[in-house]
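Take a look at the following structure, please.
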Amino acid sequence: MKAPDYTELTPPRQAFSPLPDPAPRPSRVTLQTPVRSFKGIGESRARCLERLGVRTIGDALLLPPRRYEDRRELLPIGRLRLGEFQTVAGRVKAVGTGRTRRGIPYCEAMLEDGTGTLLARWYRQPYLARTFRRGLRVILAGRVSPYPPREMMNPEHEILDTGDPAETGYHTGRIVPIYPLTAGLGQRFLRRWLADLTRELAGEIPDPLPPSVRDRQQLLPLPQAIRNLHLPEEPGHAAAGRRRLAFDEFFLFSLAILRQRAARSKAAGIAFEAPTGLVERARARLPFALTAAQERALAAIWNDMRLPTPMQRLLQGEVGSGKTIVALLAALTAVANGYQAAIMAPTEILAAQHAERARTVAEPLGIPVVHLAGGMAAPSRREALTRLGGTSACLAVGTHALLQADVHFGRLGFVVVDEQHRFGVLQRADLQRKAGHSDLLADVLVMTATPIPRSLALVLYGDLDLTVIDQLPPGRQPVTTIWIDDAERTRIETELRVRLGRGERAYVVCPVVEESAAELKAAVQTAEAYRRGPLGGFGVGLVHGRLRGAEKAETIAAFREGRIRLLVATTVVEVGVDVPEATVIVIEHADRLGLAQLHQLRGRVGRADQAAMCFVVADRTEITEEARARLETLVRERDGFALAEADLRLRGPGEFFGTRQSGLEGFSLGDLTADLRILEGARAEALATLEQAPALDGAWEPVRMAMEARWVSRLGLAQVG
Ligand code: ADP
Ligand code: MG
């Protein structure tokens with residue numbers, strides 16, 4: 001990479017006194033130089049560093065400290081405060097070694113400075129006795145014992161009288177970074193190595209960002225940001241440095257996905273004709289009028305469909321806001337144009353439900369619905385496949401298996417993915433290609449049932465256009481959520497008896513983490529207990545992931561029709577079973593589930609105009625602090641978006657989805673829970689940049705190279721442009 005020529009660096013906003021010039025290096029080092037072969041880094045240290053994600057010098061310079069400790073203030077011994085973390089200087093008065101009663105060896109040193117004495121002890125490091133000779137001046141940083149006499153256990157140390165000033169100033173007497181560690185790699189080594197590396201190399205790193213962007217976003221130049229990260233001189237330095245580096249991550253990521261989106265908007269798609277009489281007839285047959293929010297969403301989708309470029313739109317909305325019918329009407333539009341449309345659900349149960357709804361709407365109009373179910377008998381599966389392989393228009397419904405290798409569509413033009421976060425940016429692009437028809441890319445509509453915090457939406461769905469249904473159908477009543485301890489269960493039974501007696505339905509959810517046999521047994525036993533108990537007469541059913549598809553479908557149908565009024569389920573109901581008569585949901589072991597899942601489950605009730613209830617069962621005394629915070633939030637908060645934000649704060653982005661998501665691991669400096677403003681700034685800059693230089697050429701060359709190095713391989717994004 002050639003260094004861009006920025007002779008006039010804009011002055012930094014944050015005051016920063018430059019470090020002494022780095023010593024000239026004999027051999028040429030670049031950001032891509034592997035850490036191995038670098039001085040002080042042998043095979044085994046290189047392996048340790050790799051565990052921290054550090055392979056090259058560039059990785060090392062961007063390794064963010066976990067936190068910092070301010071060890072600038074050197075206190076006289078007499079002014080040390082008991083119980084606090086402080087830094088102190090003194091002269092070694094006496095040194096010794098010993099063993100504890102358990103035989104653990106230690107080194108001990110007595111410090112004095114005219115104002116008092118301090119005893120320091122290092123366990124398992126008896127060799128330090130050779131370091132602390134009598135009369136040496138040393139600095140110690142550590143927590144002072146809470147009671148007199150003053151003592152420090154395992155403090156960090158630095159020797160002042162080595163005669164070599166370069167030997168000090170790493171671990172004490174400054175704002176000290178604390179790095180993430182891994183077995184075999186010590187804090188002192190890492191800190192010292194990174195400080196040296198920064199002093200020597202930070203100035204040589206070319207800054208890919210043009211000064212205009214840095215100015216607008218008030219960012220430090222890259223070399224200074226790196227110095228601030230590892231060698232902050234003021235408390236604000238580290239934050240300003242991290243801000244710049246976080247911006248880079250978000251900026252490069254935004255460029256990568258926005259470029260992909262731009263490339264797509266130039267691709268050829270199908271220009272569907274405006275909704276025809278067929279779709280209007282379907283609409284007229286609905287038992288309700290669409291809400292204003294649904295109308296707006298449909299209009300946006302139709303607008304996309306008319307364009308001769310492929311649509312990729314995200315349809316987001318609160319649970320029960322009526323996304324499915326919007327998607328169905330859009331799919332019918334494609335069918336009315338003579339194309340095949342596919343609706344993909346995350347589970348077989350939900351696919352069956354979608355198929356059912358699709359039939360009600362489509363079949364009276366003479367539109368065939370093909371349901372490709374998991375456990376289908378071979379002849380009917382063959383028949384379905386033949387049908388899809390032909391070119392006559394139809395509506396296909398199934399799970400993600402619809403796009404498996406042996407399923408061929410003769411004329412697929414429109415795909416709905418009800419995705420529940422299971423697709424990444426990459427898979428979506430794939431889908432669009434696979435679904436195309438004679439060189440035209442299909443229109444793709446992604447539905448997510450879980451509201452996503454804005455910061456995450458920008459990352460996970462930054463390549464999509466967004467439509468939000470921000471309104472529930474009229475007459476919906478908020479679900480009352482009650483947290484129940486094991487001991488208060490009679491309350492649940494009382495409620496169930498009244499509701500089931502009125503003909504309403506209830507879910508009892510026994511969360512199963514991995515469909516393991518033991519946990520499944522708990523669900524089976526729960527169902528048995530209800531069957532034998534006083535509510536047995538209302539009809540009790542059980543669904544779980546190990547049942548055959550037909551059995552599951554039969555049970556759900558019985559529940560829908562009211563032959564079974566109480567349905568015990570593992571979390572399979574989570575994904576969107578829609579039974580309007582269900583008005584109670586009991587969630588056992590609620591502490592095991594994340595907020596997003598709990599909210600999804602709660603959304604299974606309150607789907608009509610009766611008041612509904614959600615009982616979450618968890619013993620207050622037995623659950624973790626975090627689980628308690630989660631359940632309290634669920635009880636208090638009804639709005640899905642607010643809940644999602646809270647969930648992100650409680651669990652952090654990596655855990656947010658339960659599974660790791662491509663894209664999310666890519667950020668080491670940017671913090672998705674806290675840096676929304678930086679992310680938005682970076683995205684705005686990326687949009688402006690692509691407007692100005694769509695090919696990222698000329699002055700943008702370094703940015704393009706940094707982006708490709710960082711994201712194209714990591715996200716598996718197609719090289720575009
Ligand atoms: P989502 O997929 O957004 O969670 P659904 O599409 O499953 O929501 O809709 C939830 C329920 O509301 C369904 O029973 C559906 O038939 C019903 N519904 C959808 N739109 C309306 C509307 N405009 N008025 C009344 N009921 C509606
Ligand atoms: Mg739904």
Side-chain angles (χ1 to χ4, degrees), residues 279-280 282-301 313-332 343-347 349-362 395 397 399 416-422 445-452 466-479 504-505 507 556-557 559-562 571-583 585 596-612 614 638-641 643-644:
V279 178
E280 286 310 324
R283 212 162 118 152
R285 294 175 51 95
L286 292 178
F288 47 74
L290 295 187
T291 62
Q294 283 171 316
E295 291 286 1
R296 276 196 300 276
L298 200 52
I301 294 166
R313 189 167 278 278
L314 174 66
L315 182 59
Q316 207 184 24
E318 183 66 277
V319 207
S321 60
K323 295 180 289 291
T324 314
I325 189 66
V326 170
L328 197 56
L329 289 174
L332 280 182
I343 300 181
M344 299 202 298
T347 67
I349 287 190
L350 197 52
Q353 178 180 292
H354 282 339
E356 186 64 41
R357 281 201 210 170
R359 275 194 195 106
T360 326
V361 178
L395 205 54
V397 184
T399 65
V416 178
V417 190
D418 190 346
E419 80 159 345
Q420 314 269 334
H421 317 301
R422 277 171 213 194
L445 181 67
V446 180
M447 290 199 285
T448 73
T450 310
I452 302 162
L466 177 67
T467 299
V468 180
I469 302 186
D470 54 4
Q471 182 183 23
L472 292 177
R476 294 285 168 83
Q477 297 205 32
V479 180
E504 296 169 24
R505 318 283 150 73
Y507 299 99
I556 300 259
F559 183 64
R560 209 182 283 288
E561 290 155 20
T571 21
V572 286
V573 292
E574 170 201 343
V575 291
V577 175
D578 181 43
V579 178
E581 293 81 5
T583 61
I585 185 162
Q597 269 178 312
L598 288 166
H599 183 62
Q600 273 296 310
L601 284 172
R602 179 166 64 181
R604 294 312 107 212
V605 298
R607 298 172 80 83
D609 47 16
Q610 297 111 304
C614 170
R638 288 186 181 130
D639 175 63
F641 282 94
L643 268 175

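Start at 1 and go down the list; that is how both ligands and their atoms are numbered.
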Any idea which atoms of ligand 1 are less than 4.0 Å away from a heavy-atom of Thr291?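 Going through ligand 1 atom by atom, the ones under 4.0 Å from Thr291 are 23 (N).
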Report yes if some N/O of Pro474 lies less than 3.5 Å from some N/O of ligand 1; otherwise report no. no
Per-atom contacts of ligand 1 with Gly320, taking only distances under 4.0 Å to non-hydrogen atoms: 1 (P), 3 (O), 4 (O), 8 (O), 10 (C)
Decide yes or no for Val361 and Leu286: does some side-chain heavy atom of the first lie under 4.5 Å from some side-chain heavy atom of the second? yes
Have a look at ligand 1 and work out which part of Arg476, if any, has a heavy atom under 4.0 Å from it: side chain, backbone, both or neither. side chain
Side chain, backbone, both or neither: the part of Leu290 lying under 4.0 Å from ligand 1 by heavy atom: backbone
Which one holds for Gln294 and ligand 1: side chain close, backbone close, both close, or neither close, with close meaning a heavy atom under 4.0 Å?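 Gln294 to ligand 1: side-chain contact only, backbone stays beyond 4.0 Å.
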Does Ser321 have any side chain to side chain donor-acceptor pair (under 3.5 Å) partners at least two apart in sequence or in another chain, and if so, which? none
Contacts of type side chain to side chain donor-acceptor pair (under 3.5 Å), residue Glu295, not counting sequence neighbours: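 Residues passing side chain to side chain donor-acceptor pair (under 3.5 Å) with Glu295: Arg283.
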Where's the contact between Lys323 and ligand 1, heavy-atom distance under 4.0 Å: side chain, backbone, both or neither? both
Would His599 and Arg602 count as having a side-chain donor-acceptor pair, cut-off 3.5 Å?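 Short answer, yes.
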Side chain or backbone, does Phe288 bring an N or O within less than 3.5 Å of an N or O on ligand 1? no
Is it the side chain (CB and beyond), the backbone, both or neither of Gln316 that lies under 4.0 Å from ligand 1, heavy atoms counted?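 No part of Gln316 is near ligand 1 at this cut-off.
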Within-shell test, Ala289 vs ligand 1, heavy atom, strictly < 4.0 Å: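 Yes.
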